[in-house]
Amino acid sequence: MADVKLSGVHKYYGNVHAVRGLDLTIADGEFAVLVGPSGCGKSTLLRTIAGLEDPDDGTIMIGGAVVNDLRPRERNIAMVFQNYALYPYLTVNENIAFGLRARKTPELEVRKRVNEAAEMLGIGNLLGRYPRQLSGGQRQRVAIGRAIVRKASLFLFDEPLSNLDAQLRDEMRTEIKRLHQEITTTMIYVTHDQVEAMTLADRIVLLRDGQIEQQGAPIELFEQPRTSFVARFLGSPSINLIPATLRVEGNDVTVVFQSGESLPLPPAKVTSLRSANGQQVLAGIRPQHFGRATGAPLRDGVVRYSTVTDLIQPTGTRTFTTIKVGGVDAVAELQAHDVGRHGEQIELTIDLNRLVLIDPASGLVIA
Ligand code: ADP
């Protein structure tokens, strides 16, 4: 078991500044997910923690000790890679046991640990096979098994599920989450997939250009993004960002779209906006915050909105529907049977309690 603390970490590749003065603390037993678009520095950061890259500046502490000068194998970490990195000429059994044997672990102990790990991962019947005789998901289980038997104090995962098809990815994601519940070792997991990040993490660390844009519990980042980058990165389909202007009249604040339509903000949203009359904003409405209007009375902060359907994309459970809001295209996520056909007049509700307002100049969320 170990906590991880990075202070002032910088990494350059030539003149590419891949990690830019990063401070990060991951608690003992926490499942932290480093997420962000391709090239934001997630793998570099993970490899720096592993000792596969040397930082140009800053300190890396694992379990309270500075490890900058320790080689990877001296850091007591286990790493699972995207490409599995199994030895093709060794059986599953030998692959899982390899690290233990290399460390001269007594043979009885090796067998016990391999069997335990194989049991936990449901691959007990595959121990005699070679990697080429396994499916992608089975190979990834073997790679995870090899990490488990080491009883490392820290697990690092570098996009471990990227090579798997969608269904297998969902299954393995569940298994990794269960594994963390069982062994409670600190885990740091890199992915560019926001669904993986949301579903696995105790804490998401969202990176942008080698720096932390925002970190926190998944639901906190989703519901209270601090910037338009965070708002757009999390959520699928993406949040709708609709250009508008704020109008302040006494205690009331209204969002006025370029189409001339306006929506009154609920009282809880207006406190920070009293002096924002005339300010340009992007009104962020998530697809999930639309609904089909019924005859029922509306909750506070929920308004009706009449529009016309354009593209209709059923997923079985929900239907993504392109509509116009404030004169621009937006996507509403509705119930499967809420919409019939293209070009239909439709009465929606919008939950303005969940609206985020962004200053388009700075990209910061202002309410
Ligand atoms: P991510 O994992 O988020 O996709 P990386 O950590 O792989 O990002 O890369 C961060 C930046 O560093 C990118 O601009 C990438 O091109 C650059 N980079 C990564 N590895 C190397 C390398 N070995 N040599 C040169 N540039 C690199």
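Read the numbers this way: they start at 1 and go in the same order the structure lists the ligands and their atoms.
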Chemist: What are the atoms of ligand 1, with element, lying closer than 4.0 Å to any heavy atom of Pro37?
Modeler: 3 (O)
Chemist: Is there a continuous path of hydrophobic side-chain contacts, each under 4.5 Å between heavy atoms, that joins Ile358 to Val248?
Modeler: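 No: no chain of side-chain contacts under 4.5 Å links Ile358 to Val248.
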Chemist: Would you kindly specify which portion of Val16 sits under 4.0 Å from ligand 1, judged on non-hydrogen atoms: side chain, backbone, both or neither?
Modeler: side chain
Chemist: Are Tyr89 and Tyr130, when compared by the centres of their aromatic rings, separated by less than 6.0 Å?
Modeler: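 Ring centres of Tyr130 and Tyr89 not closer than 6.0 Å.
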Chemist: Less than 4.5 Å apart, any side-chain heavy atom of Val331 and any of Thr321?
Modeler: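 Val331 does not reach Thr321 side chain to side chain.
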Chemist: Mark up the atoms of ligand 1 that fall under 4.0 Å of a heavy atom belonging to Ser38, in ascending order.
Modeler: 4 (O)
Chemist: Can a protein heavy atom be found under 4.0 Å away from atom 16 (O) of ligand 1?
Modeler: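 Answer no: nothing from the protein, no heavy atom, is under 4.0 Å.
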Chemist: Just go through Gly36, Gly14, Ala18, Gly39 and tell me whose heavy atom is the nearest to atom 1 (P) of ligand 1.
Modeler: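 Considering heavy atoms of Gly36, Gly14, Ala18, Gly39, the nearest to atom 1 (P) of ligand 1 sits in Gly39.
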Chemist: Could you find the nearest protein heavy atom to atom 7 (O) of ligand 1 and give me its residue, atom name and distance?
Modeler: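 Checked against all protein heavy atoms, atom 7 (O) of ligand 1 sits closest to Ser43 CB, 3.9 Å.
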Chemist: If the cut-off is 4.0 Å to any non-hydrogen atom of Thr44, which atoms of ligand 1 fall inside it?
Modeler: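 Under 4.0 Å from Thr44, ligand 1 has these atoms: 5 (P), 6 (O), 9 (O), 10 (C).
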Chemist: Nearest 0.5 Å, what's the CE-CZ distance between Met79 and Arg146?
Modeler: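 Output value for this atom pair is 11.5 Å.
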Chemist: Check this for me: Gln167, atom CD, are more than 12 non-hydrogen atoms of other residues, nucleotides or ligands nearer than 6.0 Å?
Modeler: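 Not more than 12 within 6.0 Å, no.
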Chemist: Which distance, rounded to the nearest 0.5 Å, do you find between the CD of Glu347 and the CG of Asp338?
Modeler: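 It comes to 13.0 Å.
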Chemist: Do Arg75 side-chain atoms and Leu70 backbone N/O form a donor-acceptor pair below 3.5 Å?
Modeler: yes
Chemist: Around atom 25 (C) of ligand 1, find the nearest protein heavy atom and jot down its residue, atom name and distance.
Modeler: Tyr13 CB, 3.3 Å
Chemist: Starting from atom 8 (O) of ligand 1, which protein heavy atom do you reach first, and at what distance in Å?
Modeler: Gly41 N, 3.3 Å
